[in-house]
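Reviewing the structure listed below.
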Amino acid sequence: QVQLVESGGGLVQAGGSLRLTCAASARASSSSAMAWFRQAPGKERDFVAAIRWTDGDTYFADSVKGRFIMSRDNAENRVFLQMNSLKTEDTAVYYCAAGRGLLGVKTNPHYWGQGTQVTVSS
């Protein structure tokens, strides 16, 4: 069982930045990649970004490409989401997830965190 704990959410003005952190209790064979998803009120949960533990290869949703950066700390089993040039439409609860492979974690995550709220004000 892998436990994921997100932190770093908060309130920020449009154009600002936030850095989210996801701490994983362990890395199972079924969690070769990590991802961030987000869910705005009244909307479905959407994929944001993913990273592979081994080589740091990343994959982003078009809506955040060029603004968000995802990185990892293999020694500490942590991944990060640096969010720059934030827009009001980025407001959502952000969830960390773990799964098998960059596409696998996007389509069929095995583990989820509890989420952290990000609010971008105009």
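Note that these values count all heavy atoms, side chains included, but never hydrogens, waters or copies made by symmetry.
Nearest heavy atom pair, residue Ala14 against residue Ser122, reads CB-CA, 4.5 Å. Here the shortest heavy-atom pairing between Val105 and Ala98 reads CG2-C, 3.6 Å. Contact detail for Thr88 and Ser121: the closest heavy-atom pair is CG2-C, 4.0 Å. Residue Val79 comes nearest to Cys96 through the heavy atom pair CG2-SG, 4.3 Å, listed as atom of the first residue, atom of the second, then distance. Annotation for Trp53 and Arg78: closest pair CH2-N, 3.7 Å, computed over non-hydrogen atoms. Closest approach of Ala24 and Val2 over heavy atoms only: CB-CG1, 4.4 Å.
The shortest side-chain heavy-atom distance between Leu20 and Val118 falls under the 4.5 Å cut-off. Side chains of Gln82 and Ser17 form a contact here, defined as non-hydrogen atoms less than 4.5 Å apart. Using a 4.5 Å cut-off on side-chain heavy atoms (C-beta onward), Cys22 and Met34 make contact.
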Check your understanding: Is there a side chain to side chain contact (heavy atoms under 4.5 Å, CB included) between Trp36 and Glu6 once you walk through the steps?
Key -> CA-CA 10 Å; Trp36 289 96; Glu6 304 95 336; 3.8 Å; yes

Review point. Is there a side chain to side chain contact (heavy atoms under 4.5 Å, CB included) between Tyr94 and Met83 once you walk through the steps?
Key: CA-CA 11 Å; Tyr94 282 70; Met83 305 185 294; 3.8 Å; yes

Review point. Is there a side chain to side chain contact (heavy atoms under 4.5 Å, CB included) between Asn84 and Phe68 once you walk through the steps?
Key: CA-CA 6 Å; Asn84 302 317; Phe68 289 11; 5.9 Å; no

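Side chain of Ser32 to main chain of Gly101: a donor-acceptor pair is present (N/O by atom type, distance under 3.5 Å, no hydrogens or angles). Remark: the backbone N or O of Thr119 is not paired with any side-chain donor or acceptor of Thr91 at under 3.5 angstrom. When atom types are taken as modelled, the side chain of Arg67 and the backbone of Ser85 share a donor-acceptor pair closer than 3.5 angstrom.
Within the cation-pi definition used here (under 6.0 Å to the ring centroid, within 45° of the axis), Arg45 qualifies as a partner of Tyr95. Judged by the 6.0 Å distance and 45° axis criteria, Arg19 is positioned over the aromatic ring of Phe80. Cation-pi geometry between Lys106 and Phe47 is met: under 6.0 angstrom from the ring centre, within 45 degrees of the axis.
Applying the 6.0 Å contact sphere to NZ of Lys65 captures more than 12 heavy atoms from other residues, nucleotides or ligands. Around atom CD of Gln114, no more than 12 heavy atoms belonging to other residues, nucleotides or ligands sit under 6.0 Å away. With a 6.0 Å radius and a threshold of 12 heavy atoms from other residues, nucleotides or ligands, Gln3 has its CD atom at or below the threshold.
When the side chain to side chain contact (heavy atoms under 4.5 Å, CB included) test is applied to Asp55, the partners found at least two apart in sequence or on another chain are Arg52, Asp57. With sequence neighbours excluded, the residues that form a side chain to side chain contact (heavy atoms under 4.5 Å, CB included) with Glu89 are Lys87.
By the criterion of side-chain heavy atoms lying less than 4.5 angstrom apart, applied directly or through intervening Ile, Leu, Val, Met, Phe, Trp or Tyr residues, Met70 is grouped together with Tyr111 in one hydrophobic cluster. Under a hydrophobic-cluster definition in which Ile, Leu, Val, Met, Phe, Trp and Tyr are linked whenever side-chain heavy atoms come within less than 4.5 Å, directly or via other members, Leu18 and Phe60 are assigned to the same cluster. Linking ILVMFWY residues whenever their side-chain heavy atoms come closer than 4.5 Å, directly or via other members, leaves Leu86 and Val93 in distinct clusters.
Of the inter-residue distances, the one linking Arg38 atom CZ with Leu81 atom CG reads 9.5 Å to the nearest 0.5 angstrom.
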